[in-house]
Trainee: 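Before I ask anything, let me first share the structure, which is written out below as C-alpha cells.
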Amino acid sequence: MSNVATRFAPSPTGALHIGGVRTALFNWLFSKNQKGTFHLRIEDTDKERSKDEHKIQIIKSLKWLGIEHDGDEYIQSTKISDHINVANELLKNGNAYKCYCSAEEIEEQKKRARQKKLPYIYNRKWRDLPESEAPKDIRPVIRFKSKIEGSSILKDLVQGDVEIDNNTIEDFIILRNDGTPTYNLSATVDDHQMNMTHIIRGDDHKINTFKQMQIYLAMNWELPKFAHIPLIHTIEGKKLSKRDNASTLDDYSKIGVMPDALRNYLLRLGWSFEDKEIFTLEESIEHFNLEGIGKSPSKLDMSRILSMNEHYIKNIDENELYKNLVEYCEIYKEKMNPAKEVKIKSSLSFLKNKAKTLEDIYNNAKYIISDEVKFEDEDLKLIDEKAKKIIKEFNNNLSSLESLNKENLEPIVNELIKKYETNFKGVGQPLRVALTGSKFGPGLYDIVISLGKEEVKKRLDSKILA
RNA sequence: GGUCCCUUCGUCUAUCGGUUAGGACAGCUGGUUUUCAUCCUGCAAAGGGGGGUUCGAUUCCCCCAGGGACCGCCA
C-alpha cells in the first residue's frame, strides 16, 4: 500500500449533491489507483444545519455507488479542541492576532468599499495595535496574519501553476468570537492530522487553498498536493446548486438510473481516457489519473445519463439486472413478490429491450408483477364489439395448443387478421390491452408466452371484456 | 468591481506543430420490425475574434471578447 491518502469532506446538511458525488468518486478512484486509502470526513460543525440522518444518507449513497471509505468516518465536530489549540499556537508564534472590531465596524467598511466600488478586504486594523487598546466590551475574533508582500504559487495537479498576489488574501478569521473555529482552520488541521497527501476538490475552493497553504506554512506542516477539478454546470452554464432540479444523487436513483451507469457517466464527465466510453469499476480504477481531468467545466446532460443507463441495462448480466430491479422496486415502487422471480427473470430479455431506466422495466413488467389488470377508460374504448369477438376467438383457439410459442401463435393471429379484414394492430392492440391494461409494452407474443396459457385464458375471460 | 480559471460539433470529449480535426450521446435519413422500441446503413455537425512565433498552427505566446468561480464570525 502506498501512502497516498485522499478524502471526501461533505457537510451533512442535505442530500448528496451530484457534484459532490463526482468529487468523491475522483478522490476514491485516485486513491484506489494509487493503492492508497480513501477517507470520509463529516464536516458537521454547522450545528444549525447538520443532521445525523444526512450523514447516514450520504454514506449510504456513496455505498450505493460502490464507494466505501477506509477506516472510520472522521467527525469534524469531535476535533474542535484540536482546531482551537492550533489557533492558540498560531497566536503564540505570531501568525495570528485578536481583532476587536465590532460587527458594525466591519459592516461599515464593507459598505464603504461597495460605494467606492472597491473590493472589500479587512483593513488589518488590529494586526499591529497593542492588546492594551482593546475595548473591554468586545469579544475578539482571531485572525490569521496573512502575507501582504509578494505572491504565492499553487502547484495544482489539474490547473498547473496558479499565482496570486498575497495582498488579495485578507486576514481571515480562524476563531469566531464565541471561540469556535472556522472552516479554513478546521479543514487544514483535519487534513494534516488525517495525513492527507492529495486534496482533490472543486474549483470553488481555490481561494481557500491559498489561505490554507499559509496555515500549513505557519505551522511548518508538510503541504499536501492539491487538485482543483472544474465544476459541473447546469445546461445554462451555471454552477450546479442544490436549488437546481435533478441535482442530487437521489434524483437519479429514483427514476431508475443504476449505480454503475451513473458512476460511468460521472467518470466521463470531465475526465477521459483515449476514446473509451464504457468502464467497469475495475477498469476505472486501473485507468484513472489526474492527467485525464479536463480544465473546463462540463454540463450535465440527461440524455447521456439515460443512454449510459440504457447501455448498462442492455449489457449487464441479467441476474445482476434483476438484482438492481428488485432493489429499485423495493425502495421506489413496491416490494417484488419472490414467486414472480422466475417469470420476470426469464422475461427480462424482452422487458429490457424497451427500457432506458429501471422504472421503464418496472412499467413493462407490471403485467407480470401485478395479478390484477387495471384498465384506463381511454384504452377500454379500443375494446369494441369487433375487438371482443377477436379476443374471444383468440381465447378459444388457444385451447387447442399444447404449448405457447411464437410459431403456433402466429398462425392464429394471422387468421384473425384475415377473417376480420384488419391488420396486426387491429388484432394485437385489443389483445395487448386485454392482457396488460396498456396499449404499450412488450410484443404481443412475448406477453402471451410469458403469461402462460392458464393466465392468458384467465385474463381474457374477464367480465369486463365480455 | 477585484482576483483567479475556462473557451474543439447541440452535449461529453480525442488531438500533446503537419490529420479528409477522430469517437460517443443527442439530431436527421434509409432499412429490418408486430404498436412503442431495439438493431443495422448513412448524413449533418466544431477549433470565439485579432495579432504574433513557425515552412506550417486547434495545438506555443500576447491582446480582446464571452462564460464561470470566489470575494461570510457557511462549509
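Reckoned from all heavy atoms, side chains included, excluding hydrogens, waters and symmetry mates. Per chain, numbering begins at 1; letters A, B, ... match sequence-line order.
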Trainee: A/Asp44 near the nucleic acid: base, sugar-phosphate alone, or nothing, with a heavy-atom cut-off under 4.0 Å?
Mentor: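 It contacts nothing in the nucleic acid.
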Trainee: Within the 4.0 Å heavy-atom criterion, would you say A/Pro442 contacts the bases, only the backbone, or no part of the nucleic acid?
Mentor: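 Base, at least one base heavy atom under 4.0 Å.
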Trainee: Please classify the nucleic acid contact of A/Gly443 as base, sugar-phosphate, or nothing, using heavy-atom distances under 4.0 Å.
Mentor: base
Trainee: Find the partner of B/rU54: check Watson-Crick (N1-N3 plus N6-O4 or O6-N4) and G-U wobble (N1-O2, O6-N3) distances, both under 3.5 Å, and reply none if neither fits.
Mentor: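 For B/rU54, the partner nucleotide comes out as none, under the 3.5 Å rule.
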Trainee: Is it the case that the side chain of A/Asn324 and the backbone of A/Glu320 share a donor-acceptor pair, with hydrogens and angles ignored and the cut-off at 3.5 Å?
Mentor: yes
Trainee: Summarise how protein sits on nucleotides 39-44 of chain B as a single string, 5' to 3': B when a protein heavy atom is under 4.0 Å from the base, S for sugar-phosphate-only contact, - for no contact.
Mentor: ------
Trainee: Think A/Thr168 has a side-chain N or O under 4.0 angstrom from the OP1 or OP2 of B/rC4?
Mentor: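 So the side-chain polar atoms of A/Thr168 never come under 4.0 Å of the phosphate oxygens OP1 or OP2 of B/rC4.
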Trainee: Between B/rC60 and B/rU7, how far apart are the P atoms? Round to whole Å, please.
Mentor: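 About 10 Å, rounded to a whole number of Å.
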Trainee: Compute both the distance and the angle, then confirm whether A/Arg143 meets the cation-pi test with A/Tyr122: under 6.0 Å from the six-membered ring centre, within 45 degrees of the axis.
Mentor: yes
Trainee: What distance, rounded to whole Å, do you find between the two P atoms, one in B/rC25 and one in B/rU38?
Mentor: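 Between the two P atoms, the distance is 12 Å.
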Trainee: What is the ring orientation for A/Phe144 with A/Phe172, classed by angle as parallel under 30°, tilted 30 to 60°, or perpendicular over 60°?
Mentor: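 Geometry flag for A/Phe172 against A/Phe144: parallel rings.
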Trainee: What's A/Gly270 touching, base or sugar-phosphate or nothing? Going by heavy atoms closer than 4.0 Å.
Mentor: sugar-phosphate
Trainee: Strictly by Watson-Crick or wobble contacts shorter than 3.5 Å, is anything paired with B/rA65, and which nucleotide is it?
Mentor: B/rU7
Trainee: What nitrogen or oxygen pairs link the protein and nucleotides 71-73 of chain B at under 3.5 Å?
Mentor:
| from | atom 1 | to | atom 2 | distance (Å) |
| --- | --- | --- | --- | --- |
| B/rC73 | O3' | A/Arg176 | NE | 3.3 |
| B/rC73 | O2 | A/Asn177 | N | 3.3 |
| B/rC73 | O2 | A/Asn177 | OD1 | 3.3 |
| B/rC73 | N3 | A/Asn177 | ND2 | 3.4 |

Trainee: Verify the neighbour count for atom CG of A/Asp178: are there more than 12 heavy atoms of other residues, nucleotides or ligands below 6.0 Å?
Mentor: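 Yes, the 6.0 Å shell around CG holds more than 12 heavy atoms from other groups.
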Trainee: In this structure, how many angstroms lie between the C1' atom of B/rU13 and the CG atom of A/Asn264, rounded?
Mentor: 14 Å
Trainee: Are A/Lys206 and B/rC70 close enough that a side-chain N or O sits under 4.0 Å from OP1 or OP2?
Mentor: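 False: A/Lys206 side-chain N/O out of range (4.0 Å or more) of B/rC70 OP1/OP2.
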Trainee: Just so I know, are the side chains of A/Ile278 and A/Met308 near enough to count as touching, which here means a heavy-atom distance under 4.5 Å?
Mentor: yes
Trainee: Should we count NZ of A/Lys111 as having more than 12 external heavy atoms under 6.0 Å?
Mentor: no
Trainee: Does a sphere of radius 6.0 Å around NZ in A/Lys242 hold more than 12 heavy atoms from other residues, nucleotides or ligands, not counting ones at 6.0 Å or beyond?
Mentor: no
Trainee: Could a donor-acceptor pair under 3.5 angstrom be found where the side chain of A/Glu274 meets the base of B/rG23?
Mentor: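 There is none.
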Trainee: Which is more 5' along RNA chain B, the nucleotide nearest A/Ala355 or the one nearest A/Leu231? Just name the residue.
Mentor: A/Ala355
Trainee: Of A/Phe273 and A/Asp46, whose closest RNA chain B nucleotide lies nearer the 5' terminus?
Mentor: A/Phe273
Trainee: Scan A/Lys439 against the nucleic acid and name what it touches under 4.0 Å (heavy atoms): base, sugar-phosphate only, or nothing.
Mentor: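 Answer is base: heavy atoms of A/Lys439 come under 4.0 Å of a base.
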Trainee: By the 4.0 Å heavy-atom rule, please label A/Glu48 as base, sugar-phosphate, or nothing.
Mentor: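 The answer is nothing, as A/Glu48 stays clear of every strand by at least 4.0 Å.
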Trainee: Take atom C1' in B/rG47 and the same atom in B/rC4, then report the distance between them in whole Å.
Mentor: 25 Å
Trainee: What integer number of Å spans the P atoms of B/rA26 and B/rC12?
Mentor: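 Roughly 15 Å separates the two P atoms.
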Trainee: My understanding is that only one of A/Asn85, A/Ile174, A/Val86 makes a side-chain contact (heavy atoms from CB on, under 4.5 Å) with A/Val189; could you say which?
Mentor: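 For A/Val189, the side-chain contact (heavy atoms from CB on, under 4.5 Å) test succeeds with only one of A/Asn85, A/Ile174, A/Val86, which is A/Val86.
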Trainee: Can you name the one residue among A/Thr13, A/Ile75, A/Thr78 that meets side-chain contact (heavy atoms from CB on, under 4.5 Å) with A/Asp44?
Mentor: A/Ile75
Trainee: Given B/rC70, B/rG23, B/rA75, which nucleotide is nearest the side-chain atoms of A/Asp204?
Mentor: B/rC70
Trainee: Examine the base of B/rA24 for any acceptor or donor lying under 3.5 Å from a partner atom in the side chain of A/Arg304, and report the outcome as yes or no.
Mentor: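 Check passes, donor-acceptor contact within cut-off.
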Trainee: Under 3.5 Å, which donor-acceptor pairs link side chains of residues 432-443 of chain A to any protein atom two or more places apart or in another chain?
Mentor:
| from | atom 1 | to | atom 2 | distance (Å) |
| --- | --- | --- | --- | --- |
| A/Arg432 | NE | A/Lys439 | O | 2.9 |
| A/Arg432 | NH1 | A/Pro442 | O | 2.4 |
| A/Thr436 | OG1 | A/Arg432 | O | 2.8 |
| A/Thr436 | OG1 | A/Ser438 | N | 3.1 |
| A/Thr436 | OG1 | A/Ser438 | O | 3.2 |
| A/Ser438 | OG | A/Phe440 | N | 3.0 |
| A/Ser438 | OG | A/Phe440 | O | 3.1 |
| A/Lys439 | NZ | A/Asp379 | OD1 | 3.3 |

Trainee: For B/rA75 versus B/rA69, give the span between their C1' atoms, rounded off to a whole number of Å.
Mentor: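 Between the two C1' atoms, the distance is 16 Å.
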Trainee: Classify the angle between the aromatic ring planes of A/Phe288 and A/Phe26 as parallel (below 30°), tilted (30 to 60°) or perpendicular (above 60°).
Mentor: tilted
Trainee: At under 4.0 Å between heavy atoms, what does A/His205 touch on the DNA or RNA strands: base, sugar-phosphate, or nothing?
Mentor: base
Trainee: Sticking with atom P, work out how far B/rC73 lies from B/rG67, rounded to a whole angstrom.
Mentor: 29 Å
Trainee: Test your reading of the model: is there a side-chain donor-acceptor pair from A/Arg22 to the backbone of A/Leu269, 3.5 Å cut-off?
Mentor: yes
Trainee: Give A/Thr13 one of three labels, base, sugar-phosphate or nothing, depending on what nucleic acid heavy atoms sit under 4.0 Å from its own.
Mentor: nothing
Trainee: Looking at B/rC70, I'd like to know if its phosphate oxygens (OP1 or OP2) sit under 4.0 Å from a side-chain N or O belonging to A/Lys239.
Mentor: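 Result: yes.
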Trainee: Between B/rA14 and B/rA24, how far apart are the two C1' atoms, rounded to whole Å?
Mentor: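 Straight-line distance between the two C1' atoms is 11 Å.
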Trainee: Using a 4.0 Å heavy-atom cut-off across all strands, classify A/Gln159 as base, sugar-phosphate, or nothing.
Mentor: sugar-phosphate
Trainee: Please give the distance between the P atoms of B/rU41 and B/rU8 as a whole number of Å.
Mentor: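 Nearest-Å result for B/rU41 against B/rU8 at atom P: 30 Å.
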